[in-house]
2 protein chains.
Amino acid sequence: MKDSKQILSDHKVSVTNPRILVIEALLENNNPLTVDELQLKLKNKVAKSTLYRVLNDLKKINILNEFTNPENATVVELLLEDDSHHHHLFCSDCGEIIDIQMGDEFERTLSKEIKRLEKKFNFSIEDHRLELFGKCTDLCENCS
Amino acid sequence: MKDSKQILSDHKVSVTNPRILVIEALLENNNPLTVDELQLKLKNKVAKSTLYRVLNDLKKINILNEFTNPENATVVELLLEDDSHHHHLFCSDCGEIIDIQMGDEFERTLSKEIKRLEKKFNFSIEDHRLELFGKCTDLCENCS
DNA sequence: GAATAAATGAGAATTATTCTCATTTTTTAT
DNA sequence: ATAAAAAATGAGAATAATTCTCATTTATTC
């Protein structure tokens, strides 16, 4: 597993206990967590205000991705250098969020479309996000 | 312009003044509005609690699309029968949100990918959302 | 290791949204 | 058209998520 202290010093920010604990909690999970789930994992070890501050710190150094699930709860995940571009699949039954990669053909087609839209709307498009919504049919223990 | 009273009665819900005003405010704009912007447009005419209730009512009858902008503010737009499937483009300078349509080739490629992912994760995927982020370079009066 | 700078914890403040309930409006049935 | 019943509204209280404040603690620098 990656070294949380190393991650922090690589990004030239102070290495503190709350930051280490938050990064470790996020590293333990392969998939994104809601802030509530994260808070639970850290129970008592990091103050609520500190947790939010640390999340903002990690966003500032660009190693945290933040988005919302279909219930509008905030979801976070670590984004380390070697993670490649990915999207998310949400289960509306159990709330699970799965990281997905789209195939090359998809990303190529999307790039073409983005070029077209940039011209059409005179925009410079810098990023995109694709979210898929559905139900995990029998994969997960929460969904029957 | 569409008749807001008609829309409500077509969906078998009571035709009330706050609902009419909210629908009309949304009809006036082609692009989505944040709840704050909507509240401003309705200034004094609809109570805050009623506005939120009406938005929930419209969601229940499936004529309202709700999502969040990159600042996590709630954004809403009317979704009437003849509106076709579309996505959103966000300007990070002025906050404008533009409805966009993707070309057929894109949607075809996406469908193929979705089938692949359904098998891979044993999911039934029912919906998707694509969001593009960028800056409108000289289109808009707010962006220099 | 001392001085300086930065981060933390606890809880107050803020913001967005939902809830409560007495009153008003709309619908239904005559 | 009217009365009774049902549903929606307004005002503000309650709740939830997030940010802010500030005295204390912890990290960094030299």
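The model shown is predicted, which means the values in this text are computed figures rather than measured ones. Chain letters run A, B, ... following the sequence lines, proteins first, then strands; residues in each count from 1.
- Note on ring orientation: taking the six-membered ring where Trp is involved, the planes of A:Phe67 and A:His88 are parallel (angle under 30°, cut-offs 30° and 60°).
- In this entry the distance linking NZ of B:Lys60 with P of D:dA7 reads 12 Å, nearest Å.
- Rounded to whole Å, the distance from NE2 on A:His11 to P on C:dA7 is 15 Å.
- At a threshold of 4.0 angstrom between heavy atoms, the contacts of A:Thr16 are confined to the sugar-phosphate backbone, with no base atom among them.
- Note: NZ (A:Lys45) to C1' (C:dA10) measures 20 Å, nearest angstrom.
- Residue B:Arg19 places at least one side-chain N or O under 4.0 Å from the OP1 or OP2 atom of D:dA8.
- Residues B:Glu77 and B:His86 bring a donor and an acceptor atom of their side chains to less than 3.5 Å of each other.
- Residues B:Leu117 and A:Met102 have side chains in contact (heavy-atom distance under 4.5 Å, counting atoms from C-beta outward).
- Across D:dA8, C:dT18, C:dT17, the shortest atom-to-atom separation from the side chain of B:Asn56 is found for C:dT18.
- Regarding A:Glu71, its CD atom lies at a distance of 17 Å from the C1' atom of C:dA16, rounded to whole Å.
- Following rounding to the nearest Å, A:Lys48 (NZ) and D:dT21 (P) show an atom-to-atom distance of 16 Å.
- Counting any heavy atom pair closer than 4.0 Å across all strands shown, B:Thr50 reaches a base atom.
- One atom, NZ of B:Lys5, and another, C1' of C:dT27, lie 15 Å apart when rounded to the nearest Å.
- Here B:Lys115 does not pair with B:Glu118 in a salt bridge; the nearest charged N to carboxylate O distance is not below 4.0 Å.
- Not one side-chain nitrogen or oxygen of B:Ser14 sits closer than 4.0 Å to the OP1 or OP2 atom of C:dT25.
- Projected onto DNA chain C by closest heavy-atom contact, B:Val35 and B:Val13 fall at different nucleotides, the more 5' of which corresponds to B:Val35.
- Contact annotation for B:Ser49: base contact, defined as any heavy-atom pair under 4.0 Å involving a base atom.
- When heavy atoms are screened at a 4.0 angstrom cut-off, A:Val15 is found touching the sugar-phosphate backbone but no base atom.
- Considering only side-chain atoms of A:Arg53, the nucleotide from D:dC22, D:dG10, D:dT18 that sits closest is D:dC22.
- A side-chain donor from one of B:Lys41 and B:Asn29 sits under 3.5 Å from a side-chain acceptor of the other.
- Look at CG on B:Leu51: it is 11 Å from P on C:dT18, rounded to the nearest Å.
- The nearest whole Å value for the distance from the CG atom in B:Asn72 to the P atom in C:dA16 is 12 Å.
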